[in-house]
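The figures here come from the full heavy-atom set of this structure, side chains too, leaving out hydrogens, waters and symmetry mates. For clarity, every value in this text was computed on a predicted model and none was experimentally measured. Here is how names work: the chains are called A, B, and so on, in the same order as the sequence lines, proteins then strands, and each is numbered from 1.
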Amino acid sequence: MNYPIWLIPALPLLGFLLNGLASLLYGAAQAQKRGEEWRKAHPDEGHGHDHGSHEAAHGAHDSHDAHGHDHGHHDTGPMLPWALRLFHGVVGVGTVGLATVLSFGILVPYAKSVMSNVEGARPIVETLYHWIQVGGLSIDIAFRIDALSALMLSFVTFVGTLIHLYSVGYMQAEAGYGRFFAYLNLFMFSMLMLVLANNLPMLFIGWEGVGLCSYLLIGYYYDKDFAAAAGKKAFVTNRVGDFGMVLGIFGILALFGTTDFSFVDMARQQQMASGTPLGVYAVCALLFLGACGKSAQVPLYVWLPDAMAGPTPVSALIHAATMVTAGVYLVARCSAVFLLAPDALTLVAWVGAGTAILAASIGLAQNDIKKVLAYSTVSQLGYMFLACGVGAFAIGMFHVFTHAFFKACLFLGSGSVIHALHHEQDMRAMGGLAKKTPATHLTMLVSALAIAGIVPFAGFFSKDQILGSAFAGGHYILFAVGLVTAGMTAFYMFRLYRMTFSGTYRGTPEQESHIHESPLTMTVPLWILGAGSVLTGFLGLPEVFGKNLMVEFLSPSVGKMHAHEVSHATEYLLMAVSLAVAGAGIFLAFKWYTGQDAKFTPGAAPEDIIASPAAHAFFEKTGTLGKVVANKWNVDEGIEALVLSPFRKIGTFLWRGFDALFIDGLVNASAFMVELTGDLVRFFTTGNVRNYALTFVLGVLGFTLYIWMR
Amino acid sequence: MPFPVSDLILIVPELFLTAVALGLLIYATVVSREKEGAIAWMALAALVLTGVLLFVPFSSVTSLPQIGFAGMFAVDKFSLFFKILILAAAAVTILFSLRFIGSSPYPGGEYYCLILLTTVGMLFMVSGVHLVSIYIALELMALSQYVLAGYFKQETKSIEAAAKYFVLGAFSSGVLLYGLSLVYGAARTLTLTGVAQALAASPKAPLFILGIILVACGLFFKIASAPFHVWAPDVYEGAPTPIAAFFAVGPKLAAYAIFARIFYSGFGPGSADWTVIVAASAALTMVVGNVGALMQENVKRLLGYSSIGHAGYALMGFLGYGTDFGLPALMIYLASYALMTLGAFGLVVMLETKGYAGESVDDFNGLARKNPTAAAAMLVFLLSLTGIPPTVGFIGKYYLFTSAMKAGWFWLALLGVLMSAVSLFYYFRIVRAMYLVDGEGELRWKEEPAVSAAVIACLAGTLLFGILPQPLVSWAKACLLN
C-alpha cells in the first residue's frame with residue numbers, strides 16, 4: 001500500500017469544497033428566484049431598494065420561535081430537491097468513507113508491524129514541504145503515523161463515517177443540508193490534520209479548525225438565539241484554553257528548540273535545550289490549559305453542555321467521540337514532557353477527577369436527554385485526564401477509544417429517539433419507547449451498560465483500569481472519587497434508560513401514533529457502534545486476563561509512570577468493588593424510576609411524575625442541595641458573579657473612565673497633531689512647482705548640514 | 001570606447017524590446033483607431049518574449065555575472081530578479097490599459113510604445129555598473145515617463161502632472177548628475193568597482209561625501225522618499241490610472257535597484273555615513289506618507305501617499321548593509337509591494353469608466369454587496385499593504401523590520417510598526433466604504449477579462465507568498481549582489 005498519507009485529510013477537504021460550492025450556488029439561485037418573485041409581487045416599488053431588507057423580512061417570516069430543540073423541518077426553508085440531496089450525501093459520506101478505507105489500508109499493515117516488533121516500530125513520517133523556515137526554526141507540513149496517531153485515526157475515521165451516514169437520514173428534511181455536510185467534511189479535514197500532524201503548529205491548525213467547525217455547527221440553527229449564543233460561548237471559552245495552548249507551544253520551542261514531535265524523544269532522554277523544573281511545569285500547565293478548553297475540563301467545561309444546541313450527529317461526532325478528546329490526545333502526545341514535571345501530572349489528575357465527579361453529579365438531575373449525555377461526556381473526559389494524571393497514558397487513550405464507540409452510540413440513539421418523537425428532548429415526556437423503537441432501545445441499552453462499566457462491555461475494561469491505575473499509584477482519594485463517579489454514572493444512565501424506554505408513553509395519544517423507528521441509514525450506524533461498545537473492550541484486557549494489546553501497542557508512543565504492581569487478588573477485588581458500585585447505581589435507578597406514572601405536564605418537577613415514593617422521600621430530605629445540583633451547581637451563575645460581572649465593571653470603567661477620557665483625549669490630541677502636521681504638509685504641498693523645488697533644495701541642504709555637523 | 005561585438009549578446013532582450021517599441025510606433029501610423037488593441041497585445045507579447053530572452057543567451061553560459069561594454073553593463077542574478085519584476089509590472093500595466101486607453105479619446109500607439117521604452121530604460125538601469133550608463137538609462141526611463149504622465153493631453157490634471165514631474169525631474173537629474181560628477185572628480189573613474197577602490201583609499205574626501213549626499217538626494221526623488229516626495233501625489237492623481245500604477249511600481253523598482261547597486265557596490269565599503277541620511281529619510285518618509293494619506297479623499301492620491309509610506313519602510317532595507325538580512329529583505333519587500341500595489345490599482349482601474357470618474361473613496365461604497373469577489377480582493381490587497389498575515393505584505397514587512405533591528409535601528413523599526421497602525425486607518429476607510437456603507441445608485445463598474453486576469457494574478461501571488469513565503473525568500477536570497 002503505497003499511497004501518500006496526505007490523501008486522507010485531502011479527501012474530506014475536497015468534500016467540503018464540493019459541498020460548499022454546490023450549496024452556495026444553489027443558495028444564490030434560490031435567492032435570485034425569490035428576488036424575481038418578490039419583484040413580480042411588488043412591481044410598483046423602485047429598483048434602488050437593496051436586497052438586504054427584503055431578505056431580512058423573508059427570513060423573519062420563515063423562522064419560527066425557538067423551542068430549545070435541536071432540529072426541525074420548520075427551520076429555514078423547504079427541503080432540497082432530491083438530486084441535490086443525493087449529491088451532498090454521496091460527496092459527504094463518500095469522501096469521508098474513502099478516507100477511512102485509505103486510513104485502514106495504512107493502519108492495518110502498520111499495526112501488524114508494530115505488534116510483531118514493538119521495539120523496532122518506527123513512525124511513518126511524510127514531509128510534503130517546508131512551510132516556514134526562519135533562522136534555526138523549520139516548520140514542515142508533515143504527516144506522522146505512529147501508534148498514538150494510528151489509534152486516533154482509526155476511530156476518528158471509522159466513527160466519523162458512521163455518523164456521516166447517520167446524518168443522511170437524520171438531516172434529510174433540513175434546508176441547510178448542503179451547508180451541514182460541508183461543515184461536517186471540513187471538520188473531518190481539520191480533525192485529521194490534528195491527528196496526523198507531525199508538529200505542534202500543524203496540530204494547532206487542526207485544533208483551531210475543529211474549533212471553528214464546532215462553532216459553526218453548534219450555531220447551525222443560527223436563526224435561533226440559543227444556538228447562536230451557545231456557539232459563541234463555546235468559541236469564547238475555547239479562546240481561554242487556546243491562549244494557554246499557544247504559550248505552551250512557545251514553551252516547548254523554548255525548552256527543546258523544536259516544535260517537531262521529535263521533542264517527545266528528547267524529553268524521554270531528558271535532553272532539553274534549556275529549562276528549569278519550574279519552566280517545564282509551566283509549559284505542561286499551559287498545554288493542559290489548552291487541553292482543558294478543548295476537552296471541557298473544570299473550569300472551562302461550561303461550553304460543552306450548551307453545545308448540545310447543535311444537531312445531534314454533531315453532538316455525537318464533535319462533542320462526544322472525536323474533537324473533545326483532542327485534549328487527552330495532546331496530553332498523551334506530550335506525555336514524556338509531563339513525566340518530567342510530576343506536579344503538572346498531579347494537577348491533571350485532580351482536575352480530571354474533580355471534573356468527573358462534578359459533571360456526573362449534575363448529570364443526576366437533568367431532564368433533557370442530550371444534556372444528560374453532555375454531562376456524562378464531560379465526566380468521562382475527566383476520567384481520561386485522571387488516567388493521564390496518574391501516569392497511565394495508554395489507559396487514558398484506551399478509554400478515549402472505547403468512549404468514542406459507546407458515547408457516539410448513545411448520542412445517535414438519543415438522536416433516533418428525538419427523531420421518533422418529532423423533536424422532543426425532555427425525558428419527562430417520553431417513556432415506553434422500548435417496543436416502538438426496538439433497534440434504538442437495544443443499542444442504547446448495550447452502550448449504557450458499557451458506560452456504566454458492566455462486564456464484559458467496553459467501558460468496564462477501560463474504566464476499571466483507570467481506577468486500578470489510580471489505586472496502584474497510591475492515589476487513594478482519586479480512586480475513591482473515581483469510584484463514586486462510577487456509581488453516579490451507572491445511576492444517571494439508567495435513570496435515562498428508565499425514563500425513556502420503560503413504562504408507558506407520557507405524551508398525547510395523537511403524538512404516540514406518530515412514533516416510528518428510524519430509517520436504515522440511522523439504525524445501521526447504531527448497530528455497528530453498539531457492536532463496538534461490546535467488542536472494543538477486549539482490545540485492552542487487564543493484565544490478569546492476559547495480554548493488554550492496547551497498552552502494548554501504544555507503548556512506543558506514550559510514556560508511562562513507573563507504578564507499583566498490585567497483586568492479582570487485589571486486582572480482582574478492585575474489579576468486584578467497581579462492579580458492585582455500578583450495580584448499585586443501576587439498581588437504585590430501577591428502583592426509583594419505576595416507569596409507572598402519570599401524564600406529563602410541562603413545568604412539573606420530574607420526580608412528581610415518574611419517581612417512586614422512596615425517591616420522593618429522598619428528594620425531600622436533600623431539598624436545597626438537590627435544587628442546586630439540578631441547577632448545575634450554579635456554576636453559570638457563579639461565573640457570571642465572579643468573572644463576567646467584575647469584567648463588565650472593569651469594562652465599564654475602561655469605557656467611561658479610560659477610553660472616553662484618556663484614549664479619546666489622546667486620539668483627539670493626536671488628531672489635532674495630525675491636523676497640524678497636515679497643515680504643515682499642505683503648506684509645502686501647495687501644488688506650486690516653485691515651492692516643491694524649494695523643499696527639494698531645503699532637503700539637500702538639510703542632509704548636507706546634518707552630515708557636516710556630525 | 002571599443003568593445004567586442006560578442007558583447008551585444010548581453011543586451012539581446014533590451015535590443016529586442018527597443019526594436020518592437022519602434023516597430024509598433026511605425027505600425028501605429030497605419031492602423032486604424034479601432035484596431036489599436038492589437039498593438040497592446042503585441043506589446044504584451046513582446047514583454048513576455050523579452051522575459052524569455054533574459055535567459056536564452058545564458059542557457060549555455062553558467063557563469064554569471066557577465067560584464068560587457070567596457071565595464072558598463074552587467075548581467076547578474078540581481079539584475080535578473082529586478083528585470084523579471086519590471087517586465088511583469090509593465091505587462092500588468094498593459095492589461096490595465098486595454099479598455100482604459102481604448103475607450104479614451106487618445107490614440108494607443110505611442111502610449112504602448114512609451115511603456116515599452118520606459119521598460120527598456122529600466123532594464124538598462126538595473127544592469128548598469130557604470131555611473132554614466134546608469135544615468136543615461138535613468139534619463140531614458142524618465143523622459144518616457146514625463147510623456148506618459150501627460151498622455152491625457154486634454155485633461156488639465158494630466159498636463160499639470162506632466163509639467164510638474166518634468167520640471168522637478170529635471171531638477172533632480174541635475175542634482176544627481178552633479179553628485180555623480182563630484183564622485184567622478186574624487187575617484188577619477190566611473191565604474192562602480194573603481195569608485196569603491198578610490199573610496200577605500202580616501203574615505204573622508206569632502207568631494208566624495210558631498211557627491212554621495214547629492215546622489216542619494218537625486219535617487220530619493222526617484223523613489224519618492226521625503227523630503228523629495230512632493231511630486232508623487234500630484235503625479236499619481238493626474239496621470240492616467242494604469243500609468244499611476246506603473247509609476248508606483250516599475251520606476252521605483254529600478255530606482256531601488258540602482259540605489260542598492262551604487263551604494264552597496266560603489267559607496268558601501270568606504271564610508272558608512274550614508275546610512276544616517278537613509279535612516280533620517282526613512283523616518284521622515286514613513287511619517288509624511290502615512291500621515292499625509294489619512295485625510296485623502298481621492299483613492300489614487302491615497303495610494304500615492306501610501307506608496308510614499310512604503311518607500312520609507314523599504315529604505316530600512318538599506319540600513320541592513322553589512323548584515324545578511326538587509327538586501328534580501330528589501331528585495332522580498334519590493335516583490336510583495338509590486339504585487340499588492342498593482343492589485344489595488346487594478347481595482348481602481350476597474351471602477352473607472354471614463355476619465356477620472358470613480359476614484360474617490362466614496363466610489364467604493366457598497367462594493368461588497370454588488371461585487372463581493374472584487375471587494376474581497378481589494379480587502380486582501382489592503383490587508384497586505386497594512387502588513388497583516390497571511391498576506392505577502394506581512395512577510396515583506398517582517399523581513400524589513402527584522403533587518404532594521406539587526407542593524408541596530410530599533411527606534412526606526414518601532415516607528416515603522418506604529419506607522420503601519422496608522423496606515424490601517426486609511427486603508428480601512430476603503431474597507432469601510434466597501435462593506436459598511438450602502439452605495440447609492442448603480443455602481444460604476446466594468447468587468448473586464450484583461451484587468452480581472454491581472455488582478456487575479458496579483459491576488460494569487462499576494463496570498464500564495466503570504467502563506468508559502470519560502471520560494472520568494474529563497475529566490476531573493478539567491479539573487480543578491482555579489
Honestly, the part of L284(B) sitting under 4.5 Å from a heavy atom of chain A is neither
query: Counting only heavy atoms not in F401(B), do more than 12 sit closer than 6.0 Å to its CZ atom?
result: yes
Shortest non-hydrogen pair, L168(B) vs Y692(A), comes out as CD1-CD2, 3.4 Å
Honestly, the part of S281(B) sitting under 4.5 Å from a heavy atom of chain A is both
Is the shortest side-chain heavy-atom distance between V700(A) and F228(B) below 4.5 Å? yes
Atom OH of residue position Y26(A) - does it have more than 12 heavy atoms of other residues, nucleotides or ligands inside 6.0 Å? yes
Heavy-atom side-chain contact between P227(B) and F703(A) under 4.5 Å:
yes
Worksheet item: So does F171(B) have more than 12 non-hydrogen atoms from other groups sitting under 6.0 Å from CZ?
Response: yes
* To do: Could you check whether the rings of F221(B) and F696(A) sit parallel, tilted or perpendicular, using 30° and 60° as the cut-offs?
  => tilted
Whatever's closer than 4.5 Å to a heavy atom in chain A on S172(B) counts as both
The interface call for Y399(B) against chain A, heavy-atom contacts under 4.5 Å, is side chain
Rounding to 0.5 Å, atoms CG (L210(B)) and CD1 (I707(A)) come to a distance of 10.5 Å
Rounded to the nearest 0.5 angstrom, the CD1-CD distance for I139(A) and Q470(B) is 11.0 Å
**Asked** What do you reckon, is CZ of F428(B) surrounded by more than 12 foreign heavy atoms closer than 6.0 Å?
**Response** yes
Problem - More than 12 heavy atoms of other groups within 6.0 Å of E297(B) CD - result: yes
### Message
Apply side-chain contact (heavy atoms from CB on, under 4.5 Å) to residues I213(B) and Y706(A) and explain how you reach the verdict.
### Response
CA-CA 10 Å; I213(B) 294 170; Y706(A) 183 44; over 6 Å; no
For residues 418-425 of chain B against chain A, heavy atoms under 4.5 Å, the residues are none
